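Okay, structure first, notes after.
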Amino acid sequence: MNMQTLEQIAACVSGYDPNALPVEKAQEFIGRLVPKIGTVESVALRSSLGRVLAHDIVSPIDVPSHDNSAMDGYALRGSELAADGETVLTIAGTGLAGQAFDAAVPPAHCVRIMTGAVMPAGLDTVVPQEFTKTAGDMLRIPAGAVRTGDNRRLAGEDLARGCAALRAGRLLRPADLGLLASLGRAEVPVFRKLRVAFFSTGDELRSIGEPLDAGCVYDSNRYTIWAMLQRLGCEVIDLGVVRDEPAALRAAFSEAAASADAVITSGGVSVGEADHTKQIMAELGEVLFWRIAMRPGRPMAIGRIGEAILFGLPGNPVAVMVTFYAFVRDALRAMSGAAVEPLALLRAACTTPLRKKPGRTEYQRAIVGRSAEGRWQVAITGSQGSGILSSMSAANGMVLLHHEQGDVAVGDEVEVIPFDGLV
Ligand code: AMP
Ligand code: MG
């Protein structure tokens, strides 16, 4: 476990300034802070979807195990194809998928073969049946229909015995499940799921089902945070809304830190906060209060309470989501043992002019789509206030405006973080 103090970590991050921290510096700090949870468990193949592979998987077999046909057609010797002009061969028999055609194939003969059938000994080429003509047991192949080696899959061409088929740290996706199945694996070693406890702070918050008193709002962060954690495959411990009382906050932080690898709170971390959240965080843990050079989402607390990593996110509903995606997502992935890959971003022409001050990173809610000419373009979803959750809901992505970037003119290309990808 990484047990550097927060000051030691800060000393490693060049240009660290807690009062105007660039997003990349905050990400670097968090990357150094979070430990990896190393506990391994074995799960059934289907249950490994979305989990993190704990060990390299070495292929115990060649996949495919034999040379086989990639087409329905006729297997032959490439050396017997006529140099120019038609080739005529005699059909010796049929090879079916999963079976070997055992008999020796005499010269000038071929074997009718199905996709996936083992290549008969000595034959190295398959001509697809649609290129051929037959008359009785005679096969006619027009000139140039195939070359030697065509339509033959080699043993081990997908995975060779002894090769690392998958590396530890891989977040297992559908293709990986299929690949593991092709090796005959029923059980997969994965890191245990990360346990994440979270709660909302703020005396103006009401839970669903309670009357909405004057001046109050329903606690929406509880649901967005829950949903984002579900998508990351975490085990969640939902502690609801915690009242702004030192004893209640102390109890909630203690319970959360004792039962989880990470604790996420929302609200109560901005500079002018009148409530007790920051005070109790500082009392119970080792915590830094940052002002990040970003919009939305400036204030954030980061640190440890006991052995749990604390992410004290801002309260505004959009700021919560943006800081979660900017900082918490990769941090939780890293903690769960995953090799963190950079997000694949889309480049799109902006259809709205954007005001942007250099010196902070901005995430603007946007709708990305194709123009009539088929080019990617992106439009901002109106009001970008950090409390306007409806414009986050209306968006299908966020325009990422980098730290140094200035204003964007109509037609300028910008980077977009799409919300959905293949899953
Ligand atoms: P804070 O960061 O605590 O100053 O909160 C900033 C704004 O976000 C305030 O308007 C809060 O009412 C609002 N807010 C804080 N937490 C939540 C929550 N869990 N659900 C909805 N709004 C919230
Ligand atoms: Mg508050």
Side-chain angles (χ1 to χ4, degrees), residues 18-21 26 196-231 234 236-253 255-256 260 262-285 287-303 310-328 360 362-363 365 383-395:
N19 292 313
L21 194 61
V196 183
F198 66 98
F199 57 89
S200 306
T201 70
D203 274 352
E204 76 282 24
L205 302 180
R206 292 293 175 270
S207 296
I208 297 175
E210 290 176 355
L212 197 58
D213 302 323
C216 293
V217 292
Y218 282 121
D219 172 11
S220 62
N221 293 344
R222 179 181 187 177
Y223 295 89
T224 43
I225 290 174
W226 176 87
M228 292 186 291
L229 290 171
Q230 288 296 318
R231 286 278 178 98
C234 299
V236 298
I237 302 165
D238 177 355
L239 299 174
V241 178
V242 176
R243 277 165 300 130
D244 181 32
E245 290 169 9
L249 286 163
R250 231 177 251 127
F253 276 114
E255 184 189 344
V263 177
I264 299 177
T265 61
S266 72
V269 293
S270 53
V271 177
E273 269 300 323
D275 70 23
H276 295 97
T277 307
K278 288 170 80 174
Q279 177 201 325
I280 304 297
M281 284 178 179
E283 174 192 315
L284 296 180
V287 182
L288 298 173
F289 297 98
W290 284 344
R291 271 190 284 176
I292 304 174
M294 68 188 294
R295 200 153 95 163
R298 213 151 78 105
M300 183 170 148
I302 187 81
L310 171 71
F311 300 93
L313 305 184
N316 275 305
V318 180
V320 163
M321 297 193 73
V322 170
T323 49
F324 186 98
Y325 290 133
F327 306 113
V328 183
R360 68 182 181 211
E362 289 192 14
Y363 299 82
R365 286 143 263 171
S383 169
Q384 297 291 313
S386 63
I388 313 282
L389 194 54
S390 57
S391 67
M392 191 71 169
S393 168

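When a ligand or atom number is given, it counts from 1 through the structure's own listing order. Because the structure is predicted, anything quoted here is derived from the model rather than measured.
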### Polar contact flag for Gly267 and ligand 1 (N/O pairs, less than 3.5 Å)
no
### Query
ring pair (Phe, Tyr, Trp, His ring centres under 6.0 Å): which pairs involve residues 207-226, sequence neighbours left out?
none
### Between Arg222 and Ser200, a side-chain donor and acceptor under 3.5 Å
no
### Task
Please report which non-hydrogen protein atom sits nearest to atom 20 (N) of ligand 1, along with the residue it belongs to and the distance in Å to one decimal place.
Ser220 N, 3.1 Å
### Task
Can you pull out the closest protein heavy atom to atom 9 (C) of ligand 1? Residue, atom name and distance to 0.1 Å, please.
Glu204 OE2, 4.0 Å
### Message
Please check if the number of heavy atoms outside Arg243 that lie under 6.0 Å from its CZ is greater than 12.
### Response
no
### Query
Does any N/O atom on Arg222 come nearer than 3.5 Å to any N/O atom on ligand 1?
no
### Query
How far is atom 22 (N) of ligand 1 from its nearest protein heavy atom, and which residue and atom name does that atom have?
Pro317 CG, 3.8 Å
### Task
For Gly268 and Lys278, work out which heavy atoms get closest and say how close.
O-CG, 3.2 Å
### Query
At under 4.0 Å between heavy atoms, which part of Val241 makes contact with ligand 1: side chain, backbone, both or neither?
neither
### Summary
Closest non-hydrogen contact found for Val320 with Thr323 is O-OG1, 3.1 Å
### Query
Would Met321 and Ile225 count as a side chain to side chain contact (heavy atoms under 4.5 Å, CB included) if you check the C-alpha gap in whole Å, the side-chain angles of each, and the deciding distance to 0.1 Å?
CA-CA 7 Å; Met321 297 193 73; Ile225 290 174; over 6 Å; no
### Message
Under 6.0 Å between ring centres: does that hold for Phe253 and Phe199?
### Response
yes
#### Entry: salt_bridge(Arg250, Glu245) N-O dist < 4.0 Å
no
#### Entry: Nearest-neighbour protein heavy atom for atom 19 (N) of ligand 1, which is reported as residue plus atom name and distance
Asp219 OD1, 2.7 Å
### Query
What protein heavy atom sits nearest atom 4 (O) of ligand 1, and how far away is it?
Glu273 OE2, 2.4 Å
### Message
As an exercise, identify every atom of ligand 1 less than 4.0 angstrom from a heavy atom of Tyr218.
### Response
20 (N), 21 (C)
### Query
Considering only protein heavy atoms, which is closest to atom 10 (O) of ligand 1, and at what distance to one decimal place?
Asn316 OD1, 4.2 Å
### Query
What atoms in ligand 1 come closer than 4.0 Å to a heavy atom of Gly268?
1 (P), 2 (O), 3 (O)
### Task
Determine, considering heavy atoms only, which of Val320, Thr277, Asn221 sits nearest to atom 17 (C) of ligand 1.
Asn221
### Message
Need the ligand 1 atom indices (1-based, order shown) with element for anything under 4.0 Å from a heavy-atom of Ser270.
### Response
4 (O)
### Query
If you measure only the distance, is there a donor-acceptor pair under 3.5 Å linking the side chains of Ser207 and Asp219?
no
### Query
Polar-atom distance check: Gly315 versus ligand 1, any N or O pair below 3.5 Å?
yes
### Message
Could you go through Arg360 and Met294, starting from their C-alpha distance and side-chain angles, then the distance that decides it, and tell me whether this counts as side chain to side chain contact (heavy atoms under 4.5 Å, CB included)?
### Response
CA-CA 5 Å; Arg360 68 182 181 211; Met294 68 188 294; 5.6 Å; no
### Summary
If we number the atoms of ligand 1 from 1 as shown, the ones under 4.0 Å from a heavy atom of Ser200 are 19 (N)
